[in-house]
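See structure below.
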Amino acid sequence: MTQLRRDPRTIALLLVVPAALVTLIKFVFDQEPGAFDRIGGPLVGLFPFITMFLVTSITMLRERTTGTLERLMTMPLAKLDILLGYGLAFGVVGTAQALITAGVAFGLLDLQVAGSTALVILLAIGNALLGMSLGLFVSAFAQTEFQAIQFMPAFVFPQLLLCGLFVARDQMAAALEAVSYALPLTYAYDALDRVTSDGSLGARGTVDVLVTCGVILLALALGAATLRRRTP
């Protein structure tokens, strides 16, 4: 948290950019009645996922390469405790990000959804945590910040294309629809779409939420397993 406070550009990326993108979408579809209400709700949850993934993957990589994790691992702390500490700090930021994005969308841009606004906000917070946990995990597979950025087109963009945001998954080729079931963002998007368009989660949406929570915990556990001391 102290490092984040000293980095105003990262704070701006985390807190301002998702709200700015939702505002941009509002004016892009300004001449199409109902379009913003149809896609704005899911995007309130998806934008925090993207920015949290990007920032946490790069930040965690920096912690791994600068020796900060090495120093922490000399202390009597479990690996999972260390990663949960990072997760808690980024989780606070992710929650603030989701609240600001939702506040702008519902309060200033008059976004209308069929379901509960509070539930959409909770799902947006969950998506921010999902992006955070996946970012912490994949940082183990990059050696430079440039490589970490490349995870965006390799890991995040396919999920955005296949989650159902652009084309309903049952209208995709059978192979692509099958692949979409293996991607965590599919379940996060499904839950958001059900609340914003149908008005409630229902049994299927509850399963989507449980799967998303399970992926968050699994990604944190796998991220902890990748922590290695580089020196004997």
Stepwise side-chain contact (heavy atoms from CB on, under 4.5 Å) test for Phe106 and Val120: CA-CA 10 Å; Phe106 290 108; Val120 174; 3.9 Å; yes
Between CZ on residue Phe141 and CD on residue Gln150, distance to nearest 0.5 Å: 15.5 Å
When you measure from the side chain of Ser180 to the backbone of Glu177, do you find a donor-acceptor pair of N or O atoms at a distance under 3.5 Å? yes
Please name the pair of heavy atoms, one in Ala128 and one in Gly94, separated by the smallest distance, quoted to 0.1 Å. CB-O, 3.7 Å
Hey, quick one: are Phe27 and Val44 part of the same hydrophobic cluster, counting side-chain heavy atoms closer than 4.5 Å, chains of contacts allowed? no
Donor-acceptor pair, distance only, cut-off 3.5 Å: does the side chain of Tyr187 make one with the backbone of Tyr181? yes
Nearest 0.5 Å, please: how far is CG in Leu161 from CG in Leu185? 10.5 Å
Grouping I, L, V, M, F, W and Y whenever their side-chain heavy atoms are under 4.5 Å apart, do Leu43 and Leu24 come out in a common cluster? yes
Val215 vs Ser133 side-chain heavy atoms within contact, under 4.5 Å: no
Value rounded to 0.5 Å, distance of CZ in Phe137 from CZ in Phe155: 7.5 Å
Contact summary for Asp198 and Ala114, nearest pair of heavy atoms: C-CB, 4.3 Å
Quick one, Ile121 and Ile125 - any side-chain contact, counting heavy atoms below 4.5 Å? yes
Applying side chain to side chain contact (heavy atoms under 4.5 Å, CB included) between Pro184 and each of Leu134, Asn127, Thr212, report the one that passes. Leu134
Which atom pair, heavy atoms only, marks the closest approach of Pro18 to Gln97? CG-NE2, 3.5 Å
Is there a path of hydrophobic side-chain contacts, each under 4.5 Å between heavy atoms of I/L/V/M/F/W/Y residues, joining Leu122 to Leu88? no
Joint hydrophobic cluster, Val17 plus Phe157, side-chain heavy atoms closer than 4.5 Å: yes
If you round to the nearest 0.5 Å, how far is CG of Leu109 from CG of Asp30? 10.5 Å
Beyond-backbone contact of Leu111 with Asp37, side-chain heavy atoms, under 4.5 angstrom: yes
Could you give the distance from CD (Gln159) to CZ (Phe49), rounded to the nearest 0.5 Å? 5.0 Å
Are Ile39 and Ile25 side-chain neighbours, meaning at least one heavy-atom pair lies under 4.5 Å? yes
Quick one: does Leu136's side chain get under 4.5 Å of Met132's, heavy atoms only? yes
Closest heavy-atom pair, Ala19 versus Thr101, reported as atoms and distance to 0.1 Å, is N-OG1, 3.9 Å
Residues Val195 and Ser116: closest non-hydrogen pair is CG1-O, 4.0 Å
Pair Phe53-Val138, side-chain contact (heavy atoms from CB on, under 4.5 Å): steps then yes or no: CA-CA 9 Å; Phe53 175 88; Val138 303; 3.6 Å; yes
State, with a plain yes or no, whether a side-chain heavy atom of Met152 is found less than 4.5 Å away from one of Ile50. yes
When you compare the side chain of Asp190 with that of Arg169, does any pair of heavy atoms fall below 4.5 Å? yes
Side chains of Cys213 and Val209, heavy atoms from C-beta outward: is any pair under 4.5 Å? yes
Provide the closest heavy-atom pair for Leu183 versus Pro158 in the form atom of the first, atom of the second, distance. CD1-O, 4.3 Å
How long is the straight-line distance from CG of Leu201 back to CG of Leu119, given to the nearest 0.5 Å? 5.0 Å
